[in-house]
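A quick write-up on the structure given underneath.
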Amino acid sequence: MTEKNKVPVYTGEIVSQQIDPSQEYTAASQEISFSAEQHAIWADLFTGIHQPHFMEHVCREYLDGFDLLQLDPGRIPTVGHLNRQ
């Protein structure tokens with residue numbers, strides 16, 4: 001099997017969704033609805049990563065990219081938001 005024909009392997013909850021790999025990245029499937037619990041996890045991770053003792057060690061490119069993305073610390077960004085940024 002060539003790299004081009006390789007089928008993605010899914011694990012966890014996504015396995016039960018029976019996603020057709022040929023339809024995986026369409027305009028209609030780009031947006032995902034996240035639960036309040038998932039947004040809370042995002043908020044915890046976001047806060048944890050953006051502590052001063054971590055941020056003082058990141059490179060300028062990370063900081064510039066972070067500023068450009070304008071991520072909401074309380075909500076997982078949508079694909080549309082990321083594409084616009």
Side-chain angles (χ1 to χ4, degrees):
M1 181 181 295
T2 66
E3 192 68 29
K4 181 180 174 185
N5 297 331
K6 203 171 192 181
V7 176
V9 176
Y10 298 108
T11 61
E13 293 176 13
I14 199 168
V15 172
S16 64
Q17 294 177 13
Q18 303 295 318
I19 295 173
D20 177 357
S22 68
Q23 299 298 314
E24 187 172 4
Y25 297 110
T26 66
S29 69
Q30 285 186 3
E31 299 305 334
I32 300 170
S33 295
F34 295 101
S35 69
E37 180 183 18
Q38 290 168 317
H39 284 297
I41 292 168
W42 166 266
D44 287 346
L45 291 171
F46 192 98
T47 300
I49 291 170
H50 292 93
Q51 296 295 315
H53 59 278
F54 289 128
M55 295 304 285
E56 69 186 34
H57 298 288
V58 299
C59 65
R60 170 61 32 209
E61 291 81 2
Y62 175 89
L63 295 171
D64 291 346
F66 181 74
D67 287 341
L68 288 171
L69 288 175
Q70 298 178 1
L71 300 176
D72 180 341
R75 298 192 58 78
I76 300 169
T78 65
V79 173
H81 171 81
L82 296 173
N83 285 340
R84 285 188 301 277
Q85 296 310 99

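Just so we're clear, the structure is a prediction, and the values are computed from it rather than from any experiment. The analysis underlying the following values was restricted to heavy atoms, covering all of them including side chains, and did not include hydrogens, waters or symmetry mates.
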In terms of hydrophobic clusters joined by side-chain contacts under 4.5 Å, are L68 and V79 together? no
If the condition is side chain to side chain donor-acceptor pair (under 3.5 Å), which residues does S35 pass it with, not counting sequence neighbours? Q38
Quick one: side chain to side chain donor-acceptor pair (under 3.5 Å) pairs with a partner in residues 41-56, sequence neighbours left out? H50-Y62
Pairing residues for D67 by the side chain to side chain donor-acceptor pair (under 3.5 Å) criterion, not counting sequence neighbours: none
Non-hydrogen atoms of G74 and A43 that approach each other most closely: CA-CB, 4.1 Å
With sequence neighbours left out, write down each residue that passes side chain to side chain donor-acceptor pair (under 3.5 Å) with H81, or none if nothing qualifies. none
The ring-ring contact (aromatic ring centres under 6.0 Å, His included) partners of F34 (sequence neighbours excluded) come to H39
If the condition is side chain to side chain contact (heavy atoms under 4.5 Å, CB included), which residues does L82 pass it with, not counting sequence neighbours? L69, L71, P77
For R84, check side chain to side chain donor-acceptor pair (under 3.5 Å) against everything at least two apart and list the hits. none
